[in-house]
Every structure is written in structure tokens, then in C-alpha cells.
Amino acid sequence: MVAFLSKNDLSKYMWVVFGVLMVAFLSKDVCSGAKMILLAGKQRLSTQRRVKFFIGGTFLVSITLFILYVSAIYNKTIATSNTDLIINSVAILFIMEIDERVYELIENTNFVKMRIRKGIDDIDSNKSGDTDNKQDDSDMESLLSEFNAFRCEHEDQRIALEQQQGQINSLLETNADQKITLEQQQRSNEDQIALDQQQGQINSLLETISLLETNKDQRIALEQQQSQINALMETIGKLSQNTLLDKSV
């Protein structure tokens, strides 16, 4: 009865703290497992890797959620005060972090071993370096001579390329000048054709004017002939009247 009554010391606020602690430390594993499951659905990965991602992500998410559920049930059953609730939560989280800390320890140990091995190799290389200095110097001189020869050859090639580029530029300029000259000639030819057309039109107009003047002269001559004919007709009419009068007398 005393143990049962002591459970009433647990406050809702401490349960909220318990939930925050668990979520803060376990959400990383849940997110990692979810990412692995999402990677399992990528078509660009091989089938074997997709199966591994799916199985690993499923186990990681399942174990993390199971730990969260078991921790809540365990604390609800065992914890009799707020202090017990926090202590149990910290103990569970510590157990969850043991594997990662062991992994980090192994990595650090391997790093230290690699650094020690590298230092030993450096010492050995320094000892053997004195005997190889002369050979390194000769190799360096040969490399420098090969580099100088290569640089001279590259310089000659660069000069030849610059000369070819200058020739190409001059050809392009010549072609541009020729193109401009041809365009000017074409324009002059078009202007000449237009002038010839205008001259032909002027000539046709002059011929039309001359024909009109000729027709005008002919019309004037016809009018004069018509007036003469009319005068003759009047004269003939007068003569015929006089003749008729003489006959009547």
C-alpha cells in the first residue's frame, strides 16, 4: 500500500521531461532508419543494396520505437518518484549510447595506430633519405631538362599557332573586303538597271508626245480642209441660187 501510494508522487511535468529526453536521443535513430527505408525505394541503386537498406532501416526504426515503448512501460511500473523516473530514463539512454561510444573508441584507436605507424614510416624514410639524395638530385635534374625541352617545344607550337591565327584573321579580313566590294557592285548594277528603266520610260513618253503632236497637226489640216470644203459648198449653193433666179427671169 505504501509503494502504491508513493506512485502518486509522479507528476505530469516529469513525464513530459521523460518524453522530451527520449525523443531528443532516439529521434536520430528513427530519422536514420526512415532515410534508409526511403533509399531502398530509389531505382538507381542495385537490388542488393536496396534490400540491405530496407532491412536495416526497418530494424532500426522498430528497435528504437520498441525501446521507447518499453521505457515508458518500465517507468510506469517501477518508478515511484520523479527522481526515479529521471534516473531510469538516463540509465536507458546510457545503455542506448554504449554501442556508439564503443564504435567511436574503436575508430579513435585505429586513428592513433595509423598516426603511430605513419610516424614510424616517416622516421624510416628520413633514415633512408640521406642515401638517396644524390639519386633524387640526378632525377630532379633529368626532370628539369625534360621540362625545359617540353617547354621550348610548347613555345614553338604556340608561336606557330599564333602565326596561323594571324593568317586566318588576314584571310577573314580579305574576304570581308571582297564581300563589301561585291555588295557595292551589286548595288551599282541595281542602280544602273533602275536608270535604264527610267530612261526607257522617258523615251516612251517622248514618243507618245511626238505622236500626239503629229495627230494635232493632222487634226488642224483636216479642220482647214473641212473649212475650205464648207466654203466651196456655200459658194456652190450661192451659184446654184443665182442660176435658178436667172432661169426664172
Side-chain angles (χ1 to χ4, degrees), residues 28 30-54 56-57 133 135-245:
K28 179 181 177 182
V30 174
C31 293
S32 299
K35 288 180 180 179
M36 293 174 68
I37 293 172
L38 291 175
L39 287 173
K42 300 294 183 181
Q43 297 294 330
R44 64 175 182 272
L45 299 176
S46 62
T47 305
Q48 185 178 2
R49 289 177 63 85
R50 290 170 63 187
V51 171
K52 289 180 179 180
F53 279 132
F54 180 76
N133 285 332
Q135 185 177 359
D136 292 338
D137 293 336
S138 62
D139 293 336
M140 184 62 69
E141 290 178 357
S142 63
L143 288 173
L144 287 174
S145 62
E146 291 178 358
F147 176 74
N148 291 325
F150 176 76
R151 185 176 64 182
C152 293
E153 183 180 358
H154 181 69
E155 187 68 21
D156 295 334
Q157 292 178 356
R158 186 178 64 81
I159 293 170
L161 288 174
E162 289 179 354
Q163 292 176 354
Q164 291 179 358
Q165 186 66 33
Q167 293 177 357
I168 291 170
N169 291 329
S170 63
L171 289 173
L172 290 174
E173 291 177 356
T174 304
N175 290 329
D177 295 335
Q178 291 178 355
K179 183 178 180 181
I180 292 170
T181 304
L182 289 173
E183 289 178 354
Q184 291 176 354
Q185 291 178 356
Q186 186 176 3
R187 290 176 182 175
S188 63
N189 291 329
E190 291 177 355
D191 294 337
Q192 186 65 34
I193 292 169
L195 289 173
D196 292 337
Q197 291 177 354
Q198 291 178 359
Q199 187 65 35
Q201 292 177 358
I202 291 169
N203 292 328
S204 63
L205 288 172
L206 291 173
E207 290 177 356
T208 304
I209 291 168
S210 63
L211 289 173
L212 290 173
E213 289 179 351
T214 303
N215 292 328
K216 185 177 181 181
D217 294 335
Q218 291 177 357
R219 186 173 60 80
I220 292 169
L222 289 173
E223 288 178 354
Q224 290 177 355
Q225 290 177 0
Q226 185 67 34
S227 62
Q228 290 175 1
I229 290 169
N230 292 329
L232 288 174
M233 292 295 291
E234 290 177 356
T235 305
I236 293 168
K238 289 179 180 181
L239 290 174
S240 61
Q241 288 178 0
N242 291 330
T243 302
L244 292 171
L245 290 173

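All values derive from a computational prediction rather than experimental measurement.
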Legend entry - Leu171 CG to Gln178 CD distance, which is reported to the nearest 0.5 Å: 9.5 Å
Inset, instruction - Under the salt bridge (Lys or Arg N to Asp or Glu O under 4.0 Å) rule, collect the residues that match up with Glu162, sequence neighbours excluded. - result: Arg158
Legend entry - Residues which pass side-chain contact (heavy atoms from CB on, under 4.5 Å) with Ile159, listed by chain and number, not counting sequence neighbours: Glu155, Gln163
Inset, instruction - Calculate, to the nearest 0.5 Å, the distance between atoms CZ and CD belonging to Arg219 and Gln226 respectively. - result: 13.5 Å
Legend entry - Value rounded to 0.5 Å, distance of OG1 in Thr235 from CG in Asn230: 10.5 Å
Legend entry - Spacing of Leu39 atom CG and Lys52 atom NZ [to the nearest 0.5 Å]: 14.5 Å
Inset, instruction - To the nearest 0.5 angstrom, please state how far the CD1 atom of Ile37 sits from the OG atom of Ser32. - result: 11.0 Å
Legend entry - Non-neighbouring partners of Gln192 that pass side chain to side chain donor-acceptor pair (under 3.5 Å), sequence neighbours left out: Asp196
Legend entry - Those residues that, when tested against Gln43, pass side-chain contact (heavy atoms from CB on, under 4.5 Å) (two or more places apart): Arg50
Inset, instruction - With rounding to the nearest 0.5 Å, note down the distance linking CD1 in Ile209 to NZ in Lys216. - result: 12.5 Å
Inset, instruction - Apply side-chain contact (heavy atoms from CB on, under 4.5 Å) to Gln225 and list each qualifying residue two or more places apart in sequence or on a separate chain. - result: Leu222
Legend entry - Those residues that, when tested against Gln185, pass side-chain contact (heavy atoms from CB on, under 4.5 Å) (two or more places apart): Thr181, Leu182, Ser188
